Amino acid sequence: METISQEQLTQLLKRITGYNSFRPGQEEVIRSVLAGRDTIAVLPTGAGKSLCYQLPVHLTGGTVLIVSPLLSLMEDQVAQLKREGEKSVAALNSFLTPGEKSAVLRNLHQYRFIFTSPEMLMQRHVSERLRSLRLAYIVADEAHCISQWGFDFRPDYLRLREWLAGFSERPPVLALTATASDKAIGDIENYLMMHSPAKYIHPPDRPNVALQIIPLKDREEKTEWIRREISRASGPGILYVQSRKRAEMLAGLLRADGVPAAAFHAGMEKDDRMLVQQQFLNGELEWICATNAFGMGINKPDVRRIIHDQFPPSAAQYIQEIGRAGRDGKQSLATLLYSPSDADAAVFISLDELPDPAAVRFLAECMNNGEPPEQAGERAGLSETAVRVAAYWIAEEGADGAAGRMEELAAGKSREIGEMIRFAEGDGCIRERLLNLFGARPVGTDVVCCSACGLPADLLANAVPAARNRPALLDWQERIDRLFGVASS
DNA sequence: CGCATGATGCCTACGCATCATGCGGTGCAGTAGT
């Protein structure tokens, strides 16, 4: 496509969004897509990543396919596009009834934006239909999921590679994410079949997020610390924990202390999750006690605090989670509570579901004999996820290859946990040591840095919000009075 | 691994100590059955 003038691009921006100028980072990415280049854009959340795929199609024509990791994310984005007046949008996913789905599949060409999941995309009839479409470009939204989930959780993310390889003329691919380690970037390039992609990579440092590590003896001490801290310091904040049960337990304790808090984890009903998320976004809830299910696609600019009850199993995940603080640029604080026994729990959680080489060989043997993998997996005591992952690697690389892969994955995970332990136990500037793991350096000067460099005593020790001094629930008389509009004295 | 929960053992009624067992994150899709 011929070069687009500055004026044309700005006019288009104005027409589509009503804005007069791009936010930092957007224009380069849009130009790269328009030039037909494979592109990797690592932009902080809130930088307006979605504009990067929304705009170019108005000049290229055709359809954009957006591969998205979460149904809720697709729904949000479809709703937003519709609010902006875009009518030709579809989400191709399991929310559709069979009838709706085949209607969408029949009329694919009339959409400008099609959102789908990797799993849906990999279904044969879907993948063929989509590949035969005139696609302007293909977008991998939250592209770090390829790296974070593809290998041991959602293998369909890795199958994108074969799907892309099946094009005779593959459209350009745009990968968007907020955080990406070198490994993630490498996986994205590799599994999205990118050819010397243009890379626009925002540095991982967040100067306005101060870092703090607090060593504590055990879980009980952590619980006490959390109650003390949260009852005196204001949020909004996210408390990350490693189990659903502990999320519920801590949310309960905080509520009993008068803190508007709620749990969030994958074991909750979809409606409850949406409600909690919405209340947090609206400021009705001050704290969320969550597993790692919480965060992706949530754009709340004023999160002041992130507390980790335990470290997550990789530095990439840690930096992603603390990156949810302070998107408005204001001073925020990320606290990691550390006790030596955390390491074992991290190892357990992260390696438990990974099938061991013997199980992989057993599964391969059964599959060879024509037994369905699900059935064989059950005999081997493997979870549904483990079976799917193992079956993927067996199909890709054979029994020995897959067994080797599992060892490699386990070793990689152990190494990453080791990195987090050294990070938590180490000496010296926390920011420098964290960024070091990404081959980066602190970018800010005059920064409230970390607990190793020294934090001011009053950091974020704001007055507890007035709302919290009211009882969470009014007594029944007052509630009835309110219902009937009687002014209470 | 560490923690929480439930079962067992005591030895005849209750409550306590001890042991055994289970559980621990992330999501899609499709199907069976409300």
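Excluded from the calculations below are hydrogen atoms, water molecules and symmetry mates; all remaining heavy atoms, backbone and side chain alike, are included. Each chain gets a letter, A, B and so on, in the order the sequences are listed, and its residues count up from 1. Quantities reported herein were computed from a predicted structural model and do not represent experimental measurements.
An OP1 or OP2 oxygen of B:dG30 is reached within less than 4.0 angstrom by a side-chain nitrogen or oxygen of A:Gln123. Of the side-chain N and O atoms in A:Arg244, one or more sit less than 4.0 angstrom from OP1 or OP2 of B:dT26.
For DNA chain B, each stem of at least three Watson-Crick or G-U pairs (distances under 3.5 Å) is given as range with range: B:1-10 with B:15-24.
Of the possible polar contacts, none joining the A:Arg112 side chain to the A:Val57 backbone as a donor-acceptor pair under 3.5 Å is found. Using a distance-only test at 3.5 Å, with no hydrogens or angles considered, no donor-acceptor pair links the side chain of A:Thr177 to the main chain of A:Ala180. For A:Arg431 (side chain) and A:Arg206 (main-chain N/O), a donor-acceptor pair under 3.5 Å exists by modelled atom type.
Taking atom CD1 of residue A:Ile417 and atom C1' of nucleotide B:dC1, one finds them 12 Å apart after rounding to whole Å. The NZ-P distance, from A:Lys222 to B:dC3, rounds to 10 Å in whole Å. Atom CZ in A:Arg273 sits roughly 11 Å away from atom C1' in B:dG25 (whole-Å rounding). Distance, A:Phe153 CZ to B:dG25 C1': 8 Å, rounded to whole Å.
Considering only the side chain of A:Glu119, B:dG27 comes nearest among B:dT26, B:dC1, B:dG27. Among the nucleotides B:dC1, B:dC28, B:dT26, the one closest to the side chain of A:Glu353 is B:dT26. Candidate nucleotides B:dA29, B:dG25, B:dC3 were compared by shortest atom distance to the side chain of A:Asn93, and B:dA29 ranks first. Minimum atom distance to the side chain of A:Lys101 is reached by B:dG30, of the listed B:dG27, B:dG30, B:dA29. Of all nucleotides listed (B:dG2, B:dA29, B:dG27), B:dG27 comes nearest to the side chain of A:Thr385.
Sorted by first and then second residue, the pairs that involve residues 119-132 of chain A and meet side-chain hydrogen bond (donor to acceptor under 3.5 Å, both in side chains), not counting sequence neighbours, are A:Lys101-A:Gln123, A:Glu119-A:Arg154.
If you check every strand for non-hydrogen atoms under 4.0 Å, A:Ala345 touches nothing. Contact annotation for A:Pro69: backbone-only contact, meaning every heavy-atom pair under 4.0 Å involves sugar-phosphate atoms and none involves a base.
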Can you check nucleotides 17-19 of chain B for protein contacts, nitrogen or oxygen pairs under 3.5 Å, and list what you find?
none

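Where A:Ser243 and A:Met120 each meet DNA chain B at their nearest nucleotide, the meeting point lying more 5' is that of A:Ser243. Taking for each of A:Leu70 and A:Leu351 the nucleotide of DNA chain B with the nearest heavy atom, the 5'-most of the two is the partner of A:Leu351.
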